[in-house]
Visitor: 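Below: one structure in structure tokens.
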Amino acid sequence: MDAERQLAAAGFKMKFAKTQAQIGKVGSLPQRKLTRTTGPDGKPRFVYADAVDCNCVYVGTEAAYDRYQRLAVQEPV
């Protein structure tokens, strides 16, 4: 299973970059790596950016990240 499918299966939400500002933001993030950040509510969020294939980000909570880690152990990317 590829990383994007594992992220979706774990509960990450895929968001497409639609505006020039969003496209620039996706391009400025580390590519194809999970990065920890803080959401607007102050809680941890995990972001996986892909500016090449889908021009999108996958955003998940700490619970989604934990599920992703378990999936990755069961079926390495």
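Heavy atoms only: backbone and side chains are in, while hydrogens, waters and symmetry mates are out. All residue numbers in this chain count up from 1 along the given sequence.
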Visitor: Give the table of side-chain donor-acceptor pairs shorter than 3.5 Å for residues 38-48, with sequence neighbours excluded, one pair per line with atom names and distance.
Guide:
residue	atom	partner	partner atom	Å
Asp41	OD1	Lys43	N	3.0
Asp41	OD2	Arg45	NH2	2.9
Tyr48	OH	Glu4	OE2	3.4

Visitor: Rounded to the nearest 0.5 Å, what separation is found between the CG atom of Leu7 and the CZ atom of Arg5?
Guide: 12.0 Å

Visitor: Scan for disulfide (SG to SG under 2.5 Å) pairs involving residues 3-39, sequence neighbours excluded, and state none if there are none.
Guide: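 Sorted pair list comes back empty.
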
Visitor: Which residues pass the side chain to side chain contact (heavy atoms under 4.5 Å, CB included) test with Ala64, sequence neighbours left out?
Guide: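 Counting only residues at least two positions away or on another chain, Ala64 forms a side chain to side chain contact (heavy atoms under 4.5 Å, CB included) with Phe12, Thr61, Arg67.
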
Visitor: Measuring from atom CD of Gln6 to atom CZ of Arg70, what distance do you get when rounded to the nearest 0.5 angstrom?
Guide: 12.5 Å

Visitor: Which atom pair, heavy atoms only, marks the closest approach of Lys25 to Ser28?
Guide: O-OG, 2.8 Å

Visitor: Look up atom CG in Leu29 and atom CG in Asp50, then write down how far apart they are to the nearest 0.5 Å.
Guide: 11.5 Å

Visitor: If you look at every heavy atom in Ala49 and Pro30, which pair is closest and at what distance?
Guide: CB-O, 3.8 Å

Visitor: Output a table of donor-acceptor pairs, distance under 3.5 Å, between side-chain atoms of residues 14-22 and any protein atom two or more places apart or on a different chain; print 'none' if there are none.
Guide:
residue	atom	partner	partner atom	Å
Thr19	OG1	Gln22	N	3.1
Gln22	OE1	Lys18	N	2.7
Gln22	OE1	Thr19	N	3.1

Visitor: Donor-acceptor pairs under 3.5 angstrom involving side-chain atoms of residues 51-60: please list them, not counting sequence neighbours.
Guide:
residue	atom	partner	partner atom	Å
Asp53	OD2	Arg32	NH2	2.2

Visitor: Show every disulfide (SG to SG under 2.5 Å) that has at least one partner inside residues 4-50, sequence neighbours left out.
Guide: none

